[in-house]
Amino acid sequence: HFYLLSEGRDALLPRSGFDQGAIPAASQQAFLETPLAAPFSPFWQAVLVRLEPVSVFNAAAEVGLPEGYASRLGLKSLVVIPLVVRQRVLALAAVMTFHEFRNYTPEQIQLAQSIASVGALAIENAQLHQESNQRQVEQQALQRVAGALLQELDLREVLETVCREARQLTGARNAAV
């Protein structure tokens, strides 16, 4: 399970990443339907601030989790690992058990943290790629507008090009000049 930290850093958004055979379908559905909004509960806030994994043997007895969280997911134990790049949390990976309680060893937690580090780099690379693509789209739109300004002598056609490109870049339904 993963929670991506929202762009505004005010919500943890659930994302799938399941071992399909190990997680009850109801638990998968409950997880995906449970975003966590700021202010975060003490448990989630501690993970975000400490930048270190947190292990919980009995999730139902963990007072820092949101009320009813463990029962809604059918959760027994969990380890939450922050995915961190340059001291910035991008996401949280949650390793959860649903059938038995489990104490994770320091070695298991360290291994999960190593895997999370690679995951954090992959997430950052995907975000940077997406930002780069968006900048390229914006640059191409600006070039089309500049081309229209330099080639067109008809003011109406120039203004239509400006409006069309502005609408496409912003996702607006209408534009006017």
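Quick note: residue numbers are just sequence positions, from 1. It should be emphasised that the depicted structure is a prediction, and the values quoted were computed from it without experimental measurement.
Using a 30° and 60° split on the angle between ring planes, Phe98 and His1 fall in the tilted class, from 30° to 60°.
Aromatic ring centres of Phe31 and Tyr3: separated by under 6.0 Å.
Residue Leu4 holds its CG atom at 7.5 Å from CD of Gln127, rounded to the nearest 0.5 Å. Considering NE2 of His99 and NZ of Lys76, their distance stands at 10.0 Å, rounded to 0.5 Å. For the atom pair CG (Leu5) and CG (Leu48), the distance works out to 6.0 Å, reported to the nearest 0.5 Å. Separating the CD atom in Glu62 from the OG atom in Ser55 is a distance of 10.0 Å, to the nearest 0.5 Å. Taken from CG in Leu36 to CG in Asp10, the straight-line distance is 12.0 Å, to the nearest 0.5 Å.
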**Asked** Between Ile123 and Leu83, is a side-chain contact (heavy atoms from CB on, under 4.5 Å) present by the stated rule, with each step listed?
**Response** CA-CA 9 Å; Ile123 290 170; Leu83 282 73; 3.7 Å; yes
**Item:** Gln130 vs Leu128, side-chain contact (heavy atoms from CB on, under 4.5 Å): CA-CA, chis, key distance, verdict
**Value:** CA-CA 5 Å; Gln130 185 177 18; Leu128 291 172; over 6 Å; no
**Item:** Audit row: Gln87, Leu51, side-chain contact (heavy atoms from CB on, under 4.5 Å) steps and yes/no
**Value:** CA-CA 8 Å; Gln87 297 297 307; Leu51 305 180; 3.1 Å; yes
**Message:** Under the criterion side-chain contact (heavy atoms from CB on, under 4.5 Å), I'd like the reasoning laid out for Arg88 against Arg9: C-alpha separation, chi angles, the key distance, then a yes or no.
**Reply:** CA-CA 11 Å; Arg88 186 172 155 253; Arg9 305 186 67 77; 3.6 Å; yes
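In Glu131, the CD atom is crowded: over 12 heavy atoms of neighbouring residues, nucleotides or ligands sit closer than 6.0 Å. For Arg50, the CZ atom sits in a packed shell: over 12 heavy atoms of surrounding residues, nucleotides or ligands are nearer than 6.0 Å.
The two residues Pro14 and Pro35 have their closest heavy-atom pair at CD-CA, 3.6 Å. When every heavy atom of Ala116 is checked against every heavy atom of Pro82, the shortest pair comes out as CB-O, 4.3 Å. Residue Met96 comes nearest to Tyr104 through the heavy atom pair C-OH, 4.4 Å, listed as atom of the first residue, atom of the second, then distance.
The backbone N or O of Leu65 sits nowhere less than 3.5 Å from a side-chain atom of Ser41 that would complete a donor-acceptor pair. Counting only distance, with no hydrogens or angles, the side chain of Thr34 and the backbone of Ala30 share a donor-acceptor pair below 3.5 Å. Under the 3.5 Å distance criterion, the side-chain polar atoms of Thr97 are matched with a main-chain donor or acceptor of Ser77.
Salt bridge Glu160/Arg164: absent, no basic N to carboxylate O contact under 4.0 Å.
Taking hydrophobic clusters as Ile, Leu, Val, Met, Phe, Trp and Tyr residues chained together by side-chain heavy-atom distances below 4.5 Å, Leu12 shares a cluster with Leu73. Taking hydrophobic clusters as Ile, Leu, Val, Met, Phe, Trp and Tyr residues chained together by side-chain heavy-atom distances below 4.5 Å, Val49 does not share a cluster with Val56. Placement of Ile109 and Leu92 in two distinct hydrophobic clusters is found when ILVMFWY residues are connected by side-chain heavy-atom separations under 4.5 Å, directly or transitively. Under the 4.5 Å side-chain heavy-atom criterion for grouping Ile, Leu, Val, Met, Phe, Trp and Tyr, Val95 is not connected to Leu75 through any hydrophobic cluster. Grouping the Ile, Leu, Val, Met, Phe, Trp and Tyr side chains by contacts below 4.5 angstrom, directly or via other members, places Val79 apart from Trp44.
Results of the side-chain hydrogen bond (donor to acceptor under 3.5 Å, both in side chains) test with Glu138 over Gln134, Gln136, Arg135 single out Gln134 as the only residue that passes.
At a cut-off of 3.5 Å, with distance as the only test, a side-chain donor of His129 or Asn133 sits close to an acceptor on the other residue. For the residue pair Gln29 / Glu33, a side-chain donor-acceptor distance below 3.5 Å is found, with atom types taken as modelled.
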